[in-house]
There are 2 protein chains.
Amino acid sequence: MEKLFRFLNQLMPLSPELKADLNKRIYKRIAMHGELVIPEGKVCTQLYFIRRGFLRGFHYQKGREITTWFAFENDIATSTYSFLAQKIAYENVEAIEDSILYGINYDDLNTIYRLHPEFNYIGRLLTEKYYFDLMEHSLSLQFQNAKESYLQLITDHPQILKRASLGHIASYLGISQETLSRIRSKIV
Amino acid sequence: MEKLFRFLNQLMPLSPELKADLNKRIYKRIAMHGELVIPEGKVCTQLYFIRRGFLRGFHYQKGREITTWFAFENDIATSTYSFLAQKIAYENVEAIEDSILYGINYDDLNTIYRLHPEFNYIGRLLTEKYYFDLMEHSLSLQFQNAKESYLQLITDHPQILKRASLGHIASYLGISQETLSRIRSKIV
DNA sequence: GTTTACATTTGATAAAAGTCAAAAAATAAT
DNA sequence: ATTATTTTTTGACTTTTATCAAATGTAAAC
C-alpha cells in the first residue's frame, strides 16, 4: 500500500487523517491472468489502483470483443462509465497478466470525498489525466489510417505492444487483426 | 450571469462567498459567427461557459481541418489540453454562431480552487461529464462504420446536425465530406 | 515428444471509403 | 434580381480495409 500512498502524495500531500481514512477503506486484491476483474451487466462498485500487472477494458459489439483501453502499474482502472455514473456496466475489465490491485468501493470513496473535500483535487487531477489519454486515443482513431495509428502506438506506448496480443491491439486501434498483421509484416 | 450560477448551483450549492469570488473574476465576451475564440500556437488561458451560441474545436492535420467537438448553450468550452496542462495549444476554438460567453482565466480559476477547495467537486464533475462525451465519440469512431456513426449522430445529437455544416460534421465523424453526402442521400 | 488449443499470418476477394474534378444548389453580397 | 461565393452533391476511379478461409506458428497440457 506504500506505493499507492507515494503515488497519491506526489499529486497532493496527504494529511495523516486522510491517510488513515484511506487505509481503513482500501483493500488488496489479486487477479490472475485471464480473470474477469469487473463484469458487465451490473453496476460497478469498485475502483482499482494497479500495484502490479496489466488490465484491459473491453465490451462486445456485434459479437466481437472491442478493447478500449489498457492499464498498467500506477494506473487507475474501473468500468469507468458504470462506476462514475453508477449505471449498469456494458464494459468488462480483465487482467491480462497476474496483477496486484488495491481497491476501494464507491460509497467508501465518496465518504472520503465528503470527509476530506480537498481529496476532490486528486479526483479532478486523475480524471483530467484519463481525459488526456482518451483524447489521444480518440484523435488517433479519428484522423489516422491503420498504419499511422500503429506507428504512433509503437512510439507512444511500446509497453502495450510488448504485453498485449495482436487481436487486442487491433481492436484497440479500430482495425481488423488481419490488417494489423499485414501492416506489421511490411514494417519489420 | 444568472444562468451560469443556476447551472453551477444545480451541481452543488454555492456559498455566498464563493459566488462573490466567482463574480469578481468572471467576465462576459461576445463572439461573432466565424470568430476564432481561442487560437492555436500559444498557451490557452481562458475557459468559457456558453450562455448562448455554438462553438467547435478543431485543428489542422495534413493541411485539413479536423473538428473534434461541438459545444452549445450551458457547455464549457476551451482548448482543453492546452488550458488544463498549460501547454501550447494545437487546438483552435471557433464560434460557428454568434455567441455569448462567460470567461475566467486560468490563474483566477485556480485561485477559486485554492480559496474554495469544495469547488474541486464541480471541477471533477464537469471533467467527468466531458470524459463521458469524449468516450461516446471515441467509441463511435472505433467500431462503427461511416453510416452507423451518422445514424447515431442523428439520434443522439440532432442539434449538431441542424447547426453544423456538412464538412464539419464529416470531419467530426472521421470521414470525408463526399462520403457523408452520399450516406445522407441514401437515407433521406 | 505428441497432441491440443490458441494466436498469427497469408491469400483471394469484396466492401467501404478516399480522392480528384466538375456540376448543382444554397447563401450571401451588391 | 443578379452576381459572386461557399457548400453540397455527383461521377469516375483508386486505395484502403474487411471478410472468409486456410495455413502456419507457438505455447501449454498431457
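Note: hydrogens, waters and symmetry copies are ignored here, and every other heavy atom, side chains too, is used. Throughout, a chain's letter reflects where its sequence line sits, starting with A, and its residues are numbered from 1.
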Peer 1: Which residue pairs pass the salt bridge (Lys or Arg N to Asp or Glu O under 4.0 Å) test with at least one member in residues 112-127 of chain A, sequence neighbours excluded?
Peer 2: R124(A)-E128(A)

Peer 1: Mark up nucleotides 13-21 of chain C, 5' to 3', with B wherever a protein heavy atom is under 4.0 angstrom from a base atom, S wherever such an atom reaches only the sugar-phosphate, and - elsewhere.
Peer 2: ----SBBBB

Peer 1: Between I96(A) (CD1) and dC6(C) (C1'), how many Å, whole number?
Peer 2: 16 Å

Peer 1: Roughly how many Å is it from CZ in F143(B) to P in dA18(D), rounded to a whole number?
Peer 2: 15 Å

Peer 1: Roughly how many Å is it from NZ in K186(A) to P in dT9(C), rounded to a whole number?
Peer 2: 13 Å

Peer 1: Tell me: CG of L161(A) to P of dT8(C), nearest whole Å?
Peer 2: 11 Å

Peer 1: Sequence neighbours left out, what passes ring pair (Phe, Tyr, Trp, His ring centres under 6.0 Å) with F5(A)? Give chain and number order.
Peer 2: none

Peer 1: Give the rounded distance in Å between these two atoms: CG of L173(A) and P of dT16(D).
Peer 2: 17 Å

Peer 1: Under 3.5 Å, sequence neighbours excluded: what are the donor-acceptor pairs made by side chains of residues 39-48 of chain A?
Peer 2:
unit_1	atom_1	unit_2	atom_2	d
E40(A)	OE2	N92(A)	ND2	3.0
Q46(A)	OE1	Y27(A)	OH	2.5
Y48(A)	OH	R29(A)	NH1	2.9

Peer 1: With ILVMFWY side chains joined below 4.5 Å, transitively, what does M32(A)'s cluster contain besides itself?
Peer 2: I30(A), I100(A)

Peer 1: Would you mind listing every salt bridge (Lys or Arg N to Asp or Glu O under 4.0 Å) that reaches into residues 138-158 of chain A, with sequence neighbours excluded?
Peer 2: E148(A)-K62(B)

Peer 1: Quick check on dT8(C): is either OP1 or OP2 less than 4.0 Å from any side-chain nitrogen or oxygen of R184(A)?
Peer 2: no

Peer 1: Output the rest of the hydrophobic cluster of F58(B): all Ile, Leu, Val, Met, Phe, Trp and Tyr residues reachable through side-chain heavy-atom contacts under 4.5 Å, sorted by chain and number.
Peer 2: L36(B), Y60(B)

Peer 1: Determine, using ring centers only, whether F83(A) and Y106(A) are less than 6.0 Å apart.
Peer 2: yes

Peer 1: By the salt bridge (Lys or Arg N to Asp or Glu O under 4.0 Å) test, which pairs, at least two apart or in different chains, include something from residues 81-94 of chain A?
Peer 2: R56(A)-E94(A)

Peer 1: Give me each pair satisfying ring pair (Phe, Tyr, Trp, His ring centres under 6.0 Å) with a member in residues 159-180 of chain A, each pair once, sequence neighbours excluded.
Peer 2: F70(A)-Y172(A), H137(A)-Y172(A)

Peer 1: Please round to 10 degrees the angle between the axis of the first five pairs and the axis of the last five pairs in the helix from dG1(C)-dC30(D) to dT30(C)-dA1(D).
Peer 2: 50°

Peer 1: Within residues 148-157 of chain B, which residues have any heavy atom lying less than 4.0 Å from an atom of DNA chain D?
Peer 2: none

Peer 1: Rest of the hydrophobic cluster containing L141(B) (Ile/Leu/Val/Met/Phe/Trp/Tyr, side-chain heavy atoms under 4.5 Å)?
Peer 2: L141(A)

Peer 1: Report yes or no: do L11(A) and L84(B) belong to one cluster of Ile/Leu/Val/Met/Phe/Trp/Tyr joined by side chain heavy-atom distances under 4.5 Å?
Peer 2: yes

